[in-house]
Structure formats: structure tokens, C-alpha cells
Amino acid sequence: MFAEIIVDVPLMQTDRPYTYRIPEEFETMLQVGMRVHVPFGKGDRLIQGIVIGFSESAGIETKDIVEVLDFSPVLHTEQLWLADELRKTVFSYKISLLKAMLPNLLNSSYDKIISQGVGLSDTDRQAIFGTKTSVHFSDLDIKKQARVMRLVQSGKIQVDYLARDKKQIKTEKWYRVFQDKLREVGISNRAKKRQALKEYLLQQDKPARLSTLRQDFSAENIRYFQEQGVMEVWEEEVSRTQAYFEGVKSVSALQLNSEQAIAVREIISEIGQASRTYLLEGVTGSGKTEVYLQVIDHVLKQGKTAIMLVPEISLTPQVTNRFIARFGQKVAILHSGLSDGEKYDEWRKIERGEAQVVVGARSAIFAPLKNIGAIIIDEEHEATYKQDSNPRYHARDVAKLRADYHRAVLVLGSATPSLESRARASKGVYGLLRLTKRANPQAHIPPVEIVDFREYIGQQEASNVTPVLLEKIKEKLVKKEQVVLMLNRRGYSSFVMCRDCGTVDECPNCDISLTLHMDTKTMNCHYCGYQKEIPRLCPNCQSRSIRYYGTGTQKAYDELAELLPEARILRMDVDTTRKKGSHEKILTAFGRGEADILLGTQMIAKGLDFPNVTLVGVLNADTALNLPDFRSSERTFQLLTQVAGRAGRADKAGEVVIQTYNPQHYAIAFAKEQDYEGFYRYEMGVRRSLGYPPYYYTVGLTLSHRSEELVVKKSFEVLKLLKENLTDQIQLLGPTPKPIARTHNLYHYQMIVKYRQEPQLSQVLNRVLDWSQEKENQELRVMIDHEPQNMM
Ligand code: ADP
Ligand code: ZN
Ligand code: ZN
């Protein structure tokens, strides 16, 4: 017997499977979707591969599979199918898609430790373990490995992946009560607390966390029962994700308003019969989340499962708690902050069917759930749903495929849908459901005031805050209400410039100025990670007149602190949130009222729901408008609408001030009215006249190489290949240098393909991909991005 195997070789990739012989020992147990080690190339280097099929025959010089890495398949039929389907629009090899579906741990070579399970016979024990209680799988010979695999499959041997980062292990205490002994413990009637504890313990017939006892009873009283020998206490390892569940009080469903009720009824109507996609367009605070929760509840009642995607930045306890409060331990959280071991644990929990609701960021779309009933993507317009490294998939596309496969419903939710999605809803491809008012009857969409920055040039005390905004902040401070201020930092950073010669300190590897980081006192390149100390002398003229142009939050913070010495200000940006968990800490502190002003970058725009926030100020609305990207108006409008939505979410009325140099720009004007539909129609006109999505599809090709001359030459080769093989309907832009022409010491040239219908395109682009794998092009990097989200 032979196996067809997709191998993972970094250079010279291909989608073509290789054939390997299956050693007799593994013949009966090897299954499609298992990982194996196989020898590859001249040196017979061992590499990882994934079994995708079997065959009866092979060529003469077929090599043997050396090791089988899994005891049961890690990829299922659905996922192999998904990789094939995605391959039509994702231009990287299948292996990279398959790997993206697995937890990291399974993509690296960790050893496995096996230990004895229930029902292991003495002979098996003797043969495999000898006198030991556990052994490393890799220490066994192939015969024994095969024997172990069989025993694992029947539960007689247990496996653990050796990946736990020891530092990260947290333990907690559990207790168990021996009821018979407890009943016999006599307690004086005067010891009321002790009596109460006894009563409580008499109800506990299952092991429970000691911490729950500690909430209501003193350590001394607990110790008393321990000393009486009626309680056993021990320590258990906790996963970090477990911490999410603690202290979350269960919450039941809200009474839906009529718009929400219509949305839920419509969304659940066809689950299991046909796959439908709905666009849930609901203004900020309109109760979209409650709709998601009730849809998921319905799906669970049908015995099905659900995926809930939120942007990584919104995966805060505030958000995850709402799901945990409703569905408790049925929830698995997939979060980039988890260690590889923890992610693997969550993945296993889902795989075994112990969790039925997966809440996570982009890659959670691959969660190994079976029998999916609903997939929900909140803030569907967010660019983070598109992965910006290989494989460049869009979670929305994966979701659509999985929904089709399971006949599940797909819900795309947003206050500011992407133009692509909104256009599909107009054409009837998606069902359109709208929530037009805030769910809390006391809350209203706040009025927005636009302040023209140009009117204040030279007359204000600070460069970040106009007198208008400053007055409003002061008013709120007097009323003890809270303020959120956003500094839009996209395409914007603080830098160092010499006043004498004008030299800006640039990265030696990239065509970009270094960014000043006050916290580490360094200059950093945001592309390649290059770092150096802040210079004291100009690197060009040796002058001492070096000036720091801190346009960032630090400078705004300093200004505010000077203007409003009595205000307590919290700053949230990349500098203050670099440490794990600091993002959450800042938000919790603000939520508790420990600060009056939250000043941050666009990371504060999303999901915050603080009832006491009554003023939102946008310090600089424009920075993103001038970027060379056809989506810059859309992104600006989305950002302003999202951030404005943070004000007046509860009973207190809110207001919004937007400072801008371009008050007449349509993105800003529509944001003032918070008129998404108006913006949508206007922007569609712009896109139509310029020939951009959603009227045209786009593919971006980027070639990179150390030599600029070579990259230009190769770009023209690709251009020729495209021209010769595509119809003359196609529009080819470029090659041109990317807006940031060099990073990591590589020159980047891009081409953009615009088309409406081009049946051969996928095939031709795959030819470009294969061409890039040829020996003479190995130094060249080729990136093909279907519907690029970022033209920079
Ligand atoms: P969105 O996700 O659309 O921004 P949320 O789901 O966060 O909105 O809802 C905003 C607020 O309204 C929340 O505090 C939520 O508890 C409340 N809410 C949602 N639905 C209802 C309802 N049907 N009745 C009362 N309050 C609601
Ligand atoms: Zn100088
Ligand atoms: Zn750099």
C-alpha cells in the first residue's frame, strides 16, 4: 500500500502529492488527514507531510514513511476539501493552507510522551514501558510505535504533547468533601459561620474550586474542616483560558426589540436546510451582539455548533464575557495571547466536541467544529479578517465555504459594512437586515460636531486640541463624566529630525523613517524590527540640534496633562499595550472610573461600552485620508463612525467632536451625519468611476529582491506572461515601486490586475506561482494577493 502525501518543503513548493510506501506495521491504522515524517530529497532529510489519499501502485524508487505523528487524523474531509476550494483564490501552496488550519504546536516537531491508561495488559506494559511509567514516543522502534498507536486508539495508552512552556503553568486548588465523615463532625451552635460552612459543604458532592469557598468563608474555618479530615484539597493545572470563565455571572437572554426579533427569526429560518448569508447592518449599540447570542442559542438547541469571530483587538474580557455569561463552559476562546500549548488544549476541546461555541479572531474560522449551524463575523468590514502573510485568506471567504458545507447560516455584522458586502446585499446575494436605533431606549446616537483645524492655526495653546474641544472636555470633567480621545495614527509616527540639515533618521534596511519609542528610549523600524539608541548627534552633519517630532500619543498626553492638570489620563497605544494583558488592564481601570480621559490610537475605537463616556473626541481625522489606497475614504468613515459610537451608550447623552483639516471631504461629512447608507451610495459612485472594487476585482502581485534592477526585469517578465495569457479586457497597472519601496533590504515592485470576468486568471496566476519556485527565481519573492486590503 502507498500513501499520497503533501510535503512541507520550504523551497520548491508544489501542490503535487508525493507517493510513499506504507510500512506494514502502519497499514491498518494510517488514515487520511494524519501527519507523517518522510525522507525527502537527495539527503533523505526527514520532513513533515500530510496524508491526503492512498494508492495501490507507485514508481520503482518509492521511499518508506518513517514515522506516523498522529494517532487519529488531525485534518478531516471538510478541511481537505476546504483547502482545495480556497486554493482557487489563495495563491500559496496547499500545504500552507493546511498548516493554517492546525494549531501551531502540530506544525512544529514536538515530541510526544505516552503514559499508561486504563486496561493496559501486563504484556503490553512490559513491552512498551518496562519499569517506567511514561516514555518518549520517539524513543521507540517502529514496531513498538505501531503497537502504541493501536493501544492509543483503544484508550489504553495516553498521549501528551511535550510543548508546555513550564513558566506558563498556573495551578489552582480544588477540594472534595467526604460526606459520611462530614455528617459526623459536631459543631457548637455558637459557631454560626462554621455551621454555615458545614451546611454548604453538605451540598457539595462534586469536586470544586477552593477559591469559590474562599469568597464566602474564612480561611480559618476552611482549615478546620480540612484538619477534621472531611475535605481533601489538591492542586490542578489551570489553562490560561480557564481564567476567562472565572467570576462571570450567568446572564439570560434579553427581550428583543422588534428589529432584533425580525433579524433573529430570519437568520434562523433555514439553518440546516440551506446555507444563507445575511448582512446585519446595525448602528453602534443597536444590539447586534444580542442577536448573535440568540442565534447561537437556537443553534445549540438544535444540537449544532457555532463560530463567533471578532477582530483580535476586540477579544477583550468585556466581549468574551458576554458569550461565557450566556453559554458557560460550552465556549472555547481562541486568542493570539495563548501559548502554543494552550491553543492546542482549546483546539482539542473543540475537536472532542467539549466546546460547541468558538469565540475567536481570524484563524478561529478553521476551528475543528463539526455540525456547524451558524458562523458569525462581527465588524465584518475589518481588514484584520484578511491574513496579510501567506496564506492570504479572507476569513469571510472561508466562512462562506464552511457555511455551504454545513448548510449553516453566515451572519456578517457591522455598523459600517465593507462596500463589497453591502453591494452584495443590494444585489440580493446576501439578505439585508437592519437595526436602525440603539437597543437601549434611553441611549441615542450622539450628535457630531466638526471642527476645522485650519481656523485655529496659531491661536491655540496646544497642537492637538482646539479650544472648542478643550472647553467640552472641561465641562465633562466638572460633571464627573468620562472622555475618550482618539489620535489616528495610521501612516503616521513620531520621528527624529535634525534642525540644521533636515536629516530624518531612516532605517538602513528600509525606505522609511525610524519611529521614536520613548518607553524603551530607542528608534525602531516598524517593518524589519531594526532598533538603535536615540542619536544625540545628527548622523549626517553631527549637529546637536536634534528635534523629536512626537506626533504620537505621548505628545498629546503631555499636552493634555499640562492643560488639564487635575484630569486623570490613561494612555493606550502600542507603547503602553506591548505587555500581555495590559490592553485589558487599561480598559478595566477606565471602566472602573479610575481615569477621566482615555487617550488612545484607533485601538480604542472598537467595542468599548462604558456608560459614563459622554464625549468622544477625534484629534486628527485626516491622516488616513491621504494614503495612496482606494479604501482610504472607506476606512476613515468606518473609523470615525466606530469611535463616535463609543459616546452616549447608556442613559447619559453623548456628543462627538471631530477635528479635521478637511471638513469638506465626503468621508468626514457623512461621518458627521453618521449616514452609512449615504456614504455607501456616494462611495459606490467613486468606485465605479475609478474602476475599483466592488465593480472590479483586483489582484495585487508584489515581487521583491535585493537587487532593484533584477526585480524590475522580473516584474516585466511576469507582466508579459500575464498579457500573453489573459484577455484584453484585463487592466494591468504597474509595475511600480510600492509606496514603501524597500524594506528588509528588499526592493518591492507591485502590479495590480483589475478585471470583471477572467476565467483563465486563476490558472495563469498559479503559473506565476510555479515560475517563482523555479531554481533561477529562488532569490525572488513573489506574493500574489487576491483582493488586497492594503495597497501600501
Ligand atoms: P452592538 O453590538 O450593536 O454595538 P450591543 O449588543 O453591544 O450593540 O448592545 C448595546 C447595549 O444595548 C448593550 O448594553 C446591550 O446589553 C443592550 N441591549 C441589546 N439588546 C437589548 C434589548 N433587546 N433590550 C435592552 N437592552 C438591549
Ligand atoms: Zn544634521
Ligand atoms: Zn527596517
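Just follow the structure's listing: the first ligand is 1, and inside any ligand the first atom is 1. None of the values given here were measured: they were computed from a predicted structure. In this chain, residues are counted from 1 in sequence order.
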Closest protein heavy atom to [atom], given as residue, atom name and distance to 0.1 Å:
| atom | answer |
| --- | --- |
| atom 2 (O) of ligand 1 | Thr289 OG1, 2.8 Å |
| atom 20 (N) of ligand 1 | Gln260 NE2, 3.0 Å |
| atom 13 (C) of ligand 1 | Asp609 OD2, 3.9 Å |
| atom 4 (O) of ligand 1 | Gly285 N, 2.9 Å |

Heavy atom to [atom], shortest distance: which of [options] holds it?
| atom | options | result |
| --- | --- | --- |
| atom 7 (O) of ligand 1 | Lys288, Glu290, Glu379, Arg322 | Arg322 |
| atom 9 (O) of ligand 1 | Gly645, Gly287, Pro611 | Gly287 |
| atom 16 (O) of ligand 1 | Leu280, Leu254, Leu293 | Leu254 |

Can you name the one residue among Val618, Ile658, Leu485 that meets side-chain contact (heavy atoms from CB on, under 4.5 Å) with Val643? Val618
Applying salt bridge (charged side-chain N to carboxylate O under 4.0 Å, His left out) to Asp397 and not counting sequence neighbours gives none
Residues two or more places apart in sequence or in another chain: which of them pass salt bridge (charged side-chain N to carboxylate O under 4.0 Å, His left out) with Lys288? none
For the 3.5 Å polar cut-off, considering only N or O atoms, please tell me whether Ala439 and ligand 1 meet it. no
Give yes if a backbone or side-chain nitrogen or oxygen of Thr284 is under 3.5 Å from a nitrogen or oxygen of ligand 1, and no if not. no
Which of the atoms in ligand 1, numbered in the order shown and given with their element, are less than 4.0 Å from a heavy-atom of [X]?
| X | result |
| --- | --- |
| Gln255 | 22 (C), 23 (N), 24 (N) |
| Leu256 | 23 (N) |
| Asn257 | 23 (N) |

Are there over 12 heavy-atom neighbours, none belonging to Glu594, within less than 6.0 Å of that residue's CD? yes
So for atom NZ, which belongs to Lys672, do other residues, nucleotides or ligands contribute more than 12 heavy atoms lying within a distance under 6.0 Å? yes
Quick one: does Gly282 get within less than 4.0 Å of ligand 1, heavy atoms only? no
Is it true that Arg438 lies under 4.0 Å from ligand 1, counting heavy atoms only? no
So, are [X] and [Y] salt-bridged, with charged N and O less than 4.0 Å apart?
| X | Y | result |
| --- | --- | --- |
| Glu420 | Arg631 | yes |
| Lys714 | Glu779 | no |
| Arg326 | Glu290 | yes |

Among all residues two or more places apart in sequence or in another chain, which pass the side chain to side chain donor-acceptor pair (under 3.5 Å) test with Lys585? none
Aromatic ring proximity, centroids under 6.0 angstrom, Phe679 and Phe637: yes
Would Tyr749 and Glu708 count as having a side-chain donor-acceptor pair, cut-off 3.5 Å? yes
Please check this pair: side chain of Glu270 against backbone of Val409, looking for a donor-acceptor N/O pair closer than 3.5 Å. no
Tell me which one of Arg781, Lys738, His748 satisfies side-chain hydrogen bond (donor to acceptor under 3.5 Å, both in side chains) with Ser704. His748
Sort by chain and number the protein N/O/S atoms that are closer than 2.8 Å to the Zn ion (ligand 3), and list them. Cys507 SG, Cys510 SG, Cys525 SG, Cys528 SG
